[in-house]
A.B. asks: 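Right, I'll just put the structure down here and ask away after.
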Amino acid sequence: MTLAAALPNAATRALCAYDPGHDLPALRRRFGAVLAELGSNENPLGPSPRAVAAIETALPEIFRYPDPKGGALKTALARHLEVGAGQIALGNGSHELLMLIAQCFADAHTSVVFSEFGFAVFPIATAAAGARPIRVPALTPDHAAMPLGHDLDAMAAAICSDTRIAYLANPNNPTGTWFDDAALAALLARVPPTTLVVVDEAYHEFVDDAALTSALPLLQKHPNLVVTRTFSKAHALAGLRVGYAVGSRENISIIERLRESFNVNSLALAAAEAALGDPEHVARSKAFNLAERTWLAAQLRSRGLRVLPSQTNFVLVDFERDAASIEHALFERGVIVRPMGGYRLPEFLRISVGSRAENERLLEALP
Ligand SMILES: *Cc1c(COP(=O)(O)O)cnc(C)c1O
């Protein structure tokens with residue numbers, strides 16, 4: 001008898017491969033320009049023209065390996081963030097960094113804490129490291145201020161002596177919820193120095209709540225803090241895969257030990273550096289998103305739907321009944337949104353803020 005599959009390890013046995021939901025290339029062929037892609041939180045304004053120009057300039061050099069240190073991008077980031085270049089690690093998207101962090105700091109004898117409706121990569125990174133997941137119940141769906149948000153008190157209480165990592169996303173995907181600087185400072189004051197607190201700030205650039213700036217200033221006081229960000233969302237470079245982690249020199253040097261030398265390609269390095277040099281484009285993207293999200297949420301609420309608060313470029317919508325048929329009806333009309341069954345939120349759909357035309361198509365297609 002031949003075995004079709006070799007034996008995966010225990011953690012991998014419990015996982016399923018990433019399900020993108022739909023065959024997007026096929027859908028693009030079918031629907032063409034009228035396809036509304038509101039499933040992946042991409043920036044409908046597209047990237048800065050400076051990023052596109054930088055790619056064109058870098059193109060003739062793609063026969064060479066990329067700079068394994070990403071020196072120019074790190075220097076630009078260090079200046080932008082007011083940290084040392086040695087405090088930054090670059091990743092093939094921040095997804096890769098979230099995975100690497102688990103591999104570097106957790107193992108089968110340790111545990112990792114994250115929120116029930118925290119970012120989907122957190123449990124995968126935990127499983128890949130073979131660590132024990134501690135999934136902390138989220139705030140309730142009817143919580144007045146932050147339905148389904150991270151319960152920071154419960155998360156701090158869940159951290160035990162073998163907890164090596166606590167993953168937080170602020171704002172969080174898929175809920176859109178957030179916590180302010182004071183709440184994070186209070187959490188960090190309760191976390192032992194042996195637990196690394198990873199704050200995923202993928203949506204940082206979209207935040208307009210004055211009480212939430214960033215976790216970065218807390219790095220001075222808390223060397224057990226690592227902050228991750230990405231060029232995929234506000235900078236609109238999702239297809240190139242660039243993210244970064246900021247932490248103490250010591251923690252970053254540990255991440256560097258497992259990082260694949262050429263993990264960020266040369267076009268991505270050039271484009272990210274150029275994007276960082278165009279703050280006006282980010283400001284435009286933020287202003288567009290705020291205006292459009294406000295409009296879209298109001299339109300959805302006027303149809304009697306419950307829209308959760310959001311500081312991101314998407315909204316989580318509660319249909320208060322199984323949303324699978326709604327998702328399917330939208331799909332048949334060329335409107336892609338993200339179903340939430342995988343998060344055990346089958347009555348919700350996550351809808352990215354698109355262009356006005358895309359958002360109008362969504363509203364028209366809603367059954
Ligand atoms: C989109 C997203 C990321 C970014 O992933 P990349 O790998 O950088 O594209 C990270 N965290 C959260 C919470 C996200 O929603």
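The figures that follow rest on heavy atoms only: side chains count, while hydrogens, waters and symmetry mates do not. All values reported here derive from a predicted model rather than from experimental measurement.
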A.B. asks: Can Val335 and Val337 be said to form a side-chain contact (heavy atoms from CB on, under 4.5 Å), step by step?
C.D. replies: CA-CA 7 Å; Val335 178; Val337 299; 4.3 Å; yes
A.B. asks: May I have the step-by-step check of salt bridge (Lys or Arg N to Asp or Glu O under 4.0 Å) for Asp107 and Arg132, ending in yes or no?
C.D. replies: CA-CA 8 Å; Asp107 64 23; Arg132 180 169 59 93; over 6 Å; no
A.B. asks: Under a 4.0 Å N-O cut-off, is there an ion pair linking Glu37 with Arg28?
C.D. replies: yes
A.B. asks: Give a yes or no on whether the backbone of Leu148 and the side-chain of His143 come within a donor-acceptor separation of less than 3.5 Å.
C.D. replies: no
A.B. asks: Between Thr75 (side chain only) and Gly71 (backbone N and O only), is there a donor and an acceptor less than 3.5 Å apart?
C.D. replies: yes
A.B. asks: Counting N and O atoms only, with roles assigned by atom type, does the side chain of Ser352 sit under 3.5 Å from a partner on the main chain of Asn41, one being a donor and the other an acceptor?
C.D. replies: yes
A.B. asks: Quick one: CZ on Arg241 to CG on Leu90, what's the gap to the nearest 0.5 Å?
C.D. replies: 13.5 Å
A.B. asks: Enter the distance from Leu100:CG to Ser94:OG here, rounded to the nearest 0.5 Å.
C.D. replies: 11.5 Å
A.B. asks: Classify the ring geometry between His150 and Phe179 as parallel (under 30°), tilted (30 to 60°) or perpendicular (over 60°).
C.D. replies: tilted
A.B. asks: If two hydrophobic side chains count as joined below 4.5 Å and joins carry through other members, does Ile336 share a cluster with Leu366?
C.D. replies: no
A.B. asks: Using the ring pair (Phe, Tyr, Trp, His ring centres under 6.0 Å) rule, collect all pairs that involve residues 236-274, keeping only residues at least two apart or in two chains.
C.D. replies: Tyr65-Phe262, Phe231-Tyr244
A.B. asks: Does either side chain, that of Asn172 or that of Thr177, offer a donor lying less than 3.5 Å from an acceptor on the other one?
C.D. replies: no
A.B. asks: OG1 of Thr126 to CD1 of Ile165: how many Å apart, nearest 0.5 Å?
C.D. replies: 7.0 Å
A.B. asks: Could you tell me whether the side chain of Arg338 reaches within less than 4.5 Å of the side chain of Glu327, counting heavy atoms only?
C.D. replies: no
A.B. asks: Does CD in Glu82 sit with more than 12 non-hydrogen atoms of other residues, nucleotides or ligands closer than 6.0 Å?
C.D. replies: no
A.B. asks: Is a salt bridge present between Glu292 and Arg356, judged by a nitrogen-to-oxygen distance below 4.0 Å?
C.D. replies: yes
A.B. asks: Is it the case that one hydrophobic cluster holds both Leu258 and Val226, taking links as side-chain heavy atoms less than 4.5 Å apart, direct or via other members?
C.D. replies: yes
A.B. asks: Should we count CZ of Arg13 as having more than 12 external heavy atoms under 6.0 Å?
C.D. replies: yes
A.B. asks: When you measure from the side chain of Glu205 to the backbone N and O of Val282, does any donor-acceptor pair fall under 3.5 Å?
C.D. replies: no
A.B. asks: Could you work out the complete set of other residues in the hydrophobic cluster of Leu212, with links drawn between I, L, V, M, F, W and Y side chains under 4.5 Å apart?
C.D. replies: Leu139, Met146, Trp178, Val207
A.B. asks: I would like to know whether Phe348 and Val317 meet side-chain contact (heavy atoms from CB on, under 4.5 Å); could you show each step before the answer?
C.D. replies: CA-CA 5 Å; Phe348 291 76; Val317 183; over 6 Å; no
A.B. asks: Salt bridge check: are Arg293 and Asp208 linked by an N-O gap of less than 4.0 Å?
C.D. replies: yes
A.B. asks: Just by modelled atom types, is the Thr213 backbone N or O under 3.5 Å from a matching donor or acceptor in the Asp181 side chain?
C.D. replies: yes
A.B. asks: Against Asp200, only a single residue in Leu168, Leu98, Val121, Leu97 fulfils side chain to side chain contact (heavy atoms under 4.5 Å, CB included); can you say which?
C.D. replies: Leu98
A.B. asks: Let me check something: do Phe206 and Val199 share a hydrophobic cluster, defined by ILVMFWY side-chain heavy atoms less than 4.5 Å apart, either directly or through other members?
C.D. replies: no
A.B. asks: Would Thr163 and Thr195 count as a side chain to side chain donor-acceptor pair (under 3.5 Å) here? Give the steps.
C.D. replies: CA-CA 6 Å; Thr163 303; Thr195 300; 5.3 Å; no
A.B. asks: To check you understand the geometry: which heavy-atom pair defines the closest contact between Glu116 and Pro137, and what is its length?
C.D. replies: OE1-CA, 3.4 Å
A.B. asks: Would you say that more than 12 heavy atoms from the other residues, nucleotides or ligands in this model lie under 6.0 Å from the CD of Gln220, or not?
C.D. replies: no
A.B. asks: Looking only at non-hydrogen atoms, find the nearest pair between Gly46 and His281 and report the distance.
C.D. replies: O-NE2, 2.8 Å
A.B. asks: Specify the closest pair of heavy atoms between Ala33 and Arg361, including all atoms of both residues, with the distance to one decimal.
C.D. replies: O-NH1, 3.8 Å
A.B. asks: Which atom names give the shortest non-hydrogen contact between Thr228 and Ala245, and what distance separates them?
C.D. replies: CG2-CB, 4.1 Å
A.B. asks: Measure the spacing between CD of Glu256 and CG of Asn251 and express it to the nearest 0.5 Å.
C.D. replies: 12.0 Å
A.B. asks: Do Leu77 and Leu216 belong to the same hydrophobic cluster, where Ile, Leu, Val, Met, Phe, Trp and Tyr are linked whenever their side-chain heavy atoms lie under 4.5 Å apart, directly or via other members?
C.D. replies: yes
A.B. asks: Which pair of heavy atoms, one from Ala72 and one from Asp67, lies closest together, and at what distance?
C.D. replies: N-OD2, 4.3 Å
A.B. asks: Within the side chain of Thr294, is there an N or O that forms a donor-acceptor pair under 3.5 Å with the backbone of Leu290?
C.D. replies: yes
A.B. asks: Measuring only between side-chain heavy atoms, which start at C-beta, is Leu73 closer than 4.5 Å to Val242?
C.D. replies: yes
A.B. asks: Could you tell me whether Arg303 atom CZ has more than 12 heavy atoms of other residues or ligands within 6.0 Å of it?
C.D. replies: yes
A.B. asks: Looking at His235 and Ala271, would you say the former's side chain and the latter's main chain have a donor-acceptor pair under 3.5 Å?
C.D. replies: no
A.B. asks: Is the side chain of Thr230 donor-acceptor paired with the backbone N or O of Ser232 at a distance under 3.5 Å, no angle test?
C.D. replies: yes
A.B. asks: Going hydrophobic residue to hydrophobic residue with side-chain gaps under 4.5 angstrom, can you get from Ile134 over to Met155?
C.D. replies: yes
A.B. asks: According to ring pair (Phe, Tyr, Trp, His ring centres under 6.0 Å), does anything in residues 101-136 pair up with another residue at least two apart or in another chain? List the pairs.
C.D. replies: Phe119-Phe122, Phe122-Tyr167
A.B. asks: Using distance alone, with no hydrogens and no angle criterion, decide if Asn173 and Arg350 have a side-chain donor and acceptor under 3.5 Å apart.
C.D. replies: yes
A.B. asks: Do we see a donor-acceptor contact under 3.5 Å between the side chains of Ser214 and Arg229?
C.D. replies: yes
A.B. asks: Checking Asp162 against Ser111: is there a side-chain donor and acceptor pair closer than 3.5 Å?
C.D. replies: yes
A.B. asks: Indicate the atoms forming the closest heavy-atom contact of Thr175 with Leu308, along with that distance.
C.D. replies: O-CB, 4.4 Å
A.B. asks: Could you walk me through whether Ile159 and Arg190 pass side-chain contact (heavy atoms from CB on, under 4.5 Å), step by step?
C.D. replies: CA-CA 9 Å; Ile159 290 172; Arg190 292 176 61 184; over 6 Å; no
A.B. asks: In sequence, state the C-alpha distance, the side-chain angles, and the governing distance for Glu347 and Asp322, and then conclude on side-chain contact (heavy atoms from CB on, under 4.5 Å).
C.D. replies: CA-CA 5 Å; Glu347 302 196 334; Asp322 191 339; 5.6 Å; no
A.B. asks: Looking at side-chain heavy atoms only, is the closest gap between Glu358 and Pro44 below 4.5 Å?
C.D. replies: yes
A.B. asks: Can you tell me how far apart CZ (Arg284) and CG (Asn289) are? Round to the nearest 0.5 Å.
C.D. replies: 14.5 Å
A.B. asks: Do you see a donor-acceptor pair shorter than 3.5 Å between the side chains of Glu201 and Asn170?
C.D. replies: no
A.B. asks: May I ask you to check whether Phe314 and Tyr203 place their ring centers less than 6.0 Å from one another?
C.D. replies: yes
A.B. asks: Would you say the side chain of Leu188 lies within less than 4.5 Å of the side chain of Leu184, judging by non-hydrogen atoms?
C.D. replies: yes
A.B. asks: Would you confirm whether Gln87, through its side chain, and Gly84, through its main-chain N or O, come within 3.5 Å as a donor-acceptor pair?
C.D. replies: yes
A.B. asks: Donor-acceptor check, side chain of Arg50 to backbone of Gly277, threshold 3.5 angstrom: yes or no?
C.D. replies: yes
A.B. asks: If we check side chain to side chain contact (heavy atoms under 4.5 Å, CB included) with Leu38, which of these qualifies: Leu296, Leu330, Leu349, Asn359?
C.D. replies: Asn359
